[in-house]
Amino acid sequence: MLSTTSAAAQQPPALSASPNAGAPGTAFKVAWTGVYFDPDCTTYAVNVLWDGKTVVGSGQGTGRGTGSGSATVPATATAGQHRVEIQTVCQSTRPAGTTFTVRIPTTTTTTPPPTTQPPVTNPPVTQPPVTNPPVTTRPPRPTTTTTTPPVTTTTTTESTPPSSSEPPSSSEPSNPGDGILVLDKENIQPGDALTATGTGCPKGANVTLKSLGQNVGKATADENGEFTAPVKFASIEPGRHKVRAECGIVLVGNVDVTLSSSSSGTTSTLVVLLFFLLVGAAMLRRQFTGLRR
């Protein structure tokens, strides 16, 4: 049996939503009239249904057929009209319903205006004036001509091997005043150190020292055309030898090579010993001959 309100006085069920349109996730209010509960109902609670199946809200009615509640549009709702109804927990008259229009908002992408970089203006670069240093002209270097007298060394030995001398070469300087070659010793023995010093070569020229067709030293001329280099003979015989320095011009120096005096002393000693041995042998022979007689 329904409420005591007479059937003639009961209003037809009606439901309204406020707002009745919106995007997914929109909260809205519902209100109804003409929904009457059974007199035996102990609760006037209602559920708000979306499209007749999904509970999206709740409300509370009265014994006079009115009531209100709240609900939220499902986040997955599609665009268009959807049915919104109330469902009483206890028995009631016909349910009430209305429509809710879902509107999907249009996403507007705003493109920021392009950023224009101001032109880069480089300050003018002023080159400092170039000042050339004054040019100093050096006076010409005086030419000094040095004449070295020939050195003659006479060495007397018990045995003198034949002298080896280098034949004259057509590449010797036509003008001896262009430079000189000086050897620090006039006479050496095999194995002695010998140093050659020369002048007159072109600046920075490579200098090659030669004797008997062999390279015996090398050097580089300095900015004044001078050089100094050791002279090393691979093999040498007693006698006078020429040392040639080739550096674009040819410089020539002489050195005498002698045997050590100790060799003649040793030879004399051997001769004396041999003499005494021969004399002793003769005396012994005579003694043996006398004994036999």
Side-chain angles (χ1 to χ4, degrees), residues 1-136 204 206 220 223:
M1 183 176 180
L2 300 176
S3 175
T4 56
T5 304
S6 63
Q10 291 181 357
Q11 299 177 0
L15 179 67
S16 63
S18 178
N20 62 356
T26 301
F28 61 93
K29 300 288 186 180
V30 293
W32 61 85
T33 58
V35 178
Y36 299 97
F37 292 86
D38 189 279
D40 295 330
C41 290
T42 58
T43 178
Y44 297 151
V46 299
N47 292 325
V48 181
L49 301 181
W50 183 267
D51 287 337
K53 55 184 177 179
T54 304
V55 178
V56 295
S58 61
Q60 186 70 32
T62 65
R64 295 184 295 275
T66 60
S68 62
S70 61
T72 302
V73 178
T76 58
T78 58
Q81 292 186 346
H82 294 266
R83 181 72 177 172
V84 178
E85 298 177 341
I86 59 171
Q87 181 184 51
T88 59
V89 176
C90 184
Q91 185 178 2
S92 65
T93 59
R94 298 188 307 274
T98 186
T99 58
F100 190 97
T101 302
V102 176
R103 296 172 181 167
I104 305 298
T106 302
T107 302
T108 303
T109 302
T110 303
T111 303
T115 303
T116 303
Q117 296 292 340
V120 178
T121 303
N122 295 322
V125 178
T126 303
Q127 297 291 340
V130 178
T131 303
N132 295 321
V135 178
T136 302
N206 292 326
T220 301
E223 61 182 0

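Below, all heavy atoms of this structure are taken into account, side chains as well, without hydrogens, waters or symmetry copies. Not measured: the values here are computed from a predicted model. Residues: numbered from 1 along the sequence shown.
Across all their heavy atoms, Ala71 and Val48 have their closest contact at CB-CG1, 3.8 Å. Across all non-hydrogen atoms, the minimal contact from Trp50 to Val73 is CH2-CG1, 3.8 Å. Heavy-atom minimum distance, Ala75 versus Pro24: O-CB, 3.5 Å. For the residue pair Leu15 and Glu85, the shortest heavy atom distance occurs at CD2-CA, 4.0 Å. Among all heavy-atom pairs drawn from Ala77 and Ile104, the shortest one is O-CD1, 4.1 Å. Of all the heavy atoms in Ala17 and Phe28, the pair that sits closest is CB-CD1, 4.0 Å.
No donor-acceptor pair closer than 3.5 Å links the side chain of Asn206 to the backbone N or O of Thr220.
Within the 4.5 Å cutoff, no side-chain heavy atoms of Thr72 are placed close to those of Val56. Looking at Thr99 and Val84, their side chains never come closer than 4.5 Å, going by heavy atoms from C-beta outward.
The OH atom of Tyr44 lies 11.5 Å from the OG1 atom of Thr88; values are rounded to the nearest 0.5 Å. Note that CG of Asp51 is 8.0 Å distant from OG1 of Thr78, once rounded to the nearest 0.5 Å. The OG1 atom of Thr98 lies 13.5 Å from the CH2 atom of Trp32; values are rounded to the nearest 0.5 Å.
In this structure, Arg83 places its CZ atom where more than 12 heavy-atom neighbours from other residues, nucleotides or ligands lie under 6.0 Å away.
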Item checked: Working for side chain to side chain contact (heavy atoms under 4.5 Å, CB included), residues Ile86 and Val35 -> CA-CA 10 Å; Ile86 59 171; Val35 178; 4.0 Å; yes

Next item on the list: Begin from the C-alpha positions of Val46 and Val89 and carry the test side chain to side chain contact (heavy atoms under 4.5 Å, CB included) through to its verdict.
Entry: CA-CA 6 Å; Val46 299; Val89 176; 5.9 Å; no

